[in-house]
Amino acid sequence: MKYKIVLASNSPRRRELLAGLDVDFSVKVIPGISEGYPDGTPVDDIPAFIAIEKAEPYKTSLQEDELVLTADTIVVVDNEVLGKPADAEDAKAMLRKISGRTHRVITGVCFTTTKKQHHFSVSTDVTFKTLTEEEIDYYVTKYKPFDKAGAYGIQEWIGYVGVKRLEGSYFNVMGLPVQRIWEELKLFEC
């Protein structure tokens, strides 16, 4: 790799997924970065917008040989963005919304160096079976998915028992579309 990769994320899942590409990287997190977006932003553009915004605070401290990787993942059902739940009741309400339906998971990724910036998004359709109230209660109580968009982690129990179909990248649903990142990194370094 031409650049030293800096992953700007607290997510253990993103660290695990990026490590799976066998590329060296460090982790640096600047606290307090906003994950907001302007009203009226098209749903498909939200994750890339946030990923670009997350990169801004890193620009001033980047070295010439560094590439900062930022990302943001959202869950969309009926054109409604399901972010991270505020509490257990919010998590349960989100799971009820995706129960028995197909929703989209969109991850925006941004590469930033001292000289250029590149961003892209990856979308995956996920279909859940109809979840029972007992399944929803069990998952929220045991797994506390409050740090996950849409109130679930596909790699956890709810993914095992709930996901009927997936169209697109499984790893995207986990929070980092590593296959596409690999391809984009090769192009970015040319």
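What you see is a predicted model, and the numbers here were worked out from it, not measured in a lab. Keep in mind that the numbers below use all heavy atoms, side chains included, and drop hydrogens, waters and symmetry copies. All residue numbers in this chain count up from 1 along the given sequence.
In this structure, Tyr58 OH and Ile30 CD1 are separated by 4.5 Å, a value rounded to the nearest 0.5 Å. Once rounded to the nearest 0.5 Å, the distance linking OH of Tyr143 with CH2 of Trp157 reads 8.0 Å. How far CG of Asp137 is from CG of Leu131: 11.0 Å, rounded to the nearest 0.5 Å. The structure places CG of Leu166 at 8.5 Å from OG1 of Thr127, a figure rounded to the nearest 0.5 Å. With values rounded to the nearest 0.5 angstrom, Leu7 atom CG is found 10.0 Å from Leu17 atom CG. Within the model, atoms SG of Cys110 and CG of Leu69 stand 8.5 Å from one another, a figure rounded to the nearest 0.5 Å.
Looking at Thr107, its side chain never comes within 3.5 Å of a backbone N or O of Pro177 through a donor-acceptor pair. Checked by atom type and distance alone, the side chain of Thr41 pairs as donor or acceptor with a backbone atom of Pro38 at under 3.5 Å. Between the side chain of Arg14 and the backbone N or O of Gly175 there is at least one donor-acceptor pair closer than 3.5 Å.
Other residues, nucleotides and ligands contribute over 12 non-hydrogen atoms within 6.0 Å of the CZ atom of Phe128. In this structure, Trp182 places its CH2 atom where only 12 or fewer heavy-atom neighbours from other residues, nucleotides or ligands lie under 6.0 Å away.
Ile5 is listed as a side-chain neighbour of Leu18, based on a closest heavy-atom distance under 4.5 Å. Two residues are said to be in side-chain contact when any heavy atoms from C-beta on lie closer than 4.5 Å; Val6 and Phe25 fail this criterion. Contact of the Tyr160 side chain with the Gln155 side chain is not registered, since no non-hydrogen atoms from C-beta on lie closer than 4.5 Å. The shortest side-chain heavy-atom distance between Ile154 and Tyr170 falls under the 4.5 Å cut-off. Side-chain contact between Ile98 and Leu82: present, with at least one pair of heavy atoms (C-beta onward) separated by less than 4.5 Å. Under the 4.5 Å side-chain criterion, counting only non-hydrogen atoms from C-beta, Val173 is in contact with Tyr152.
Ala91 and Phe146 make their closest contact through CB-CE2, 4.1 Å (heavy atoms, listed as atom of the first residue, atom of the second, distance). For the residue pair Val75 and Val105, the shortest heavy atom distance occurs at CG2-CG2, 4.1 Å. For the pair Arg96 and Ile136, the tightest heavy-atom approach, listed with the atom from each and the gap, is CG-CD1, 3.8 Å. Heavy atoms only, all atoms of each residue included: Ile158 and Gly153 are closest at CG2-O, 3.8 Å. Considering every non-hydrogen atom in both Ala151 and Pro85, the closest pair reads CB-CG, 3.8 Å. Taking every heavy atom of both residues into account, Ser9 and Ser11 meet most closely at OG-N, 3.0 Å.
Ion pairing of Asp78 with Arg104 is absent here, as no side-chain N (NZ or NE/NH1/NH2) approaches a carboxylate O to less than 4.0 Å. With salt bridges taken as basic N to acidic carboxylate O contacts below 4.0 Å, one links Lys129 and Glu135. Note on Glu183 versus Arg180: no salt bridge recorded, every NZ/NE/NH1/NH2 to OD/OE distance being 4.0 Å or above.
Ring geometry for His118 versus Phe111: interplanar angle of 30 to 60°, hence tilted.
Residue pairs meeting the salt bridge (charged side-chain N to carboxylate O under 4.0 Å, His left out) criterion with at least one member in residues 16-30: none, sequence neighbours excluded. For residues 54-68, the pairs satisfying salt bridge (charged side-chain N to carboxylate O under 4.0 Å, His left out) are Lys4-Asp65, Glu35-Lys54, Lys54-Asp72, Glu56-Lys59, Glu64-Lys115, with sequence neighbours left out.
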Working note: Glu156 + Lys148, criterion salt bridge (charged side-chain N to carboxylate O under 4.0 Å, His left out); need CA distance, chi angles, decisive distance, verdict. CA-CA 11 Å; Glu156 295 176 338; Lys148 295 173 177 66; 3.3 Å; yes
Worked verdict on Arg101 versus Val77 for side chain to side chain contact (heavy atoms under 4.5 Å, CB included): CA-CA 9 Å; Arg101 308 185 60 203; Val77 62; 3.5 Å; yes
Quick one: do Leu176 and Phe171 satisfy side chain to side chain contact (heavy atoms under 4.5 Å, CB included)? Show the steps, please. CA-CA 6 Å; Leu176 204 62; Phe171 299 113; over 6 Å; no
Test log, rule side chain to side chain donor-acceptor pair (under 3.5 Å), inputs Thr102 and Asp125: CA-CA 6 Å; Thr102 299; Asp125 290 334; over 6 Å; no
Start with the C-alpha distance between Thr73 and Arg13, add both sets of side-chain angles, then the distance that settles side chain to side chain donor-acceptor pair (under 3.5 Å), and finish with yes or no. CA-CA 12 Å; Thr73 301; Arg13 289 167 302 284; over 6 Å; no
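A side-chain contact (heavy atoms from CB on, under 4.5 Å) with Thr112 holds for exactly one of Leu62, Leu67, Ile52; it is Leu62.
Under a 4.5 Å side-chain heavy-atom cut-off, the cluster of Ile, Leu, Val, Met, Phe, Trp and Tyr residues that includes Val76 is completed by Tyr37, Val43, Ile46, Phe49, Ile50, Ile74, Val81, Ile106.
Stacking of Lys116 on the aromatic ring of Phe188 is recorded, both the 6.0 Å distance cut-off and the 45° axial limit being met.
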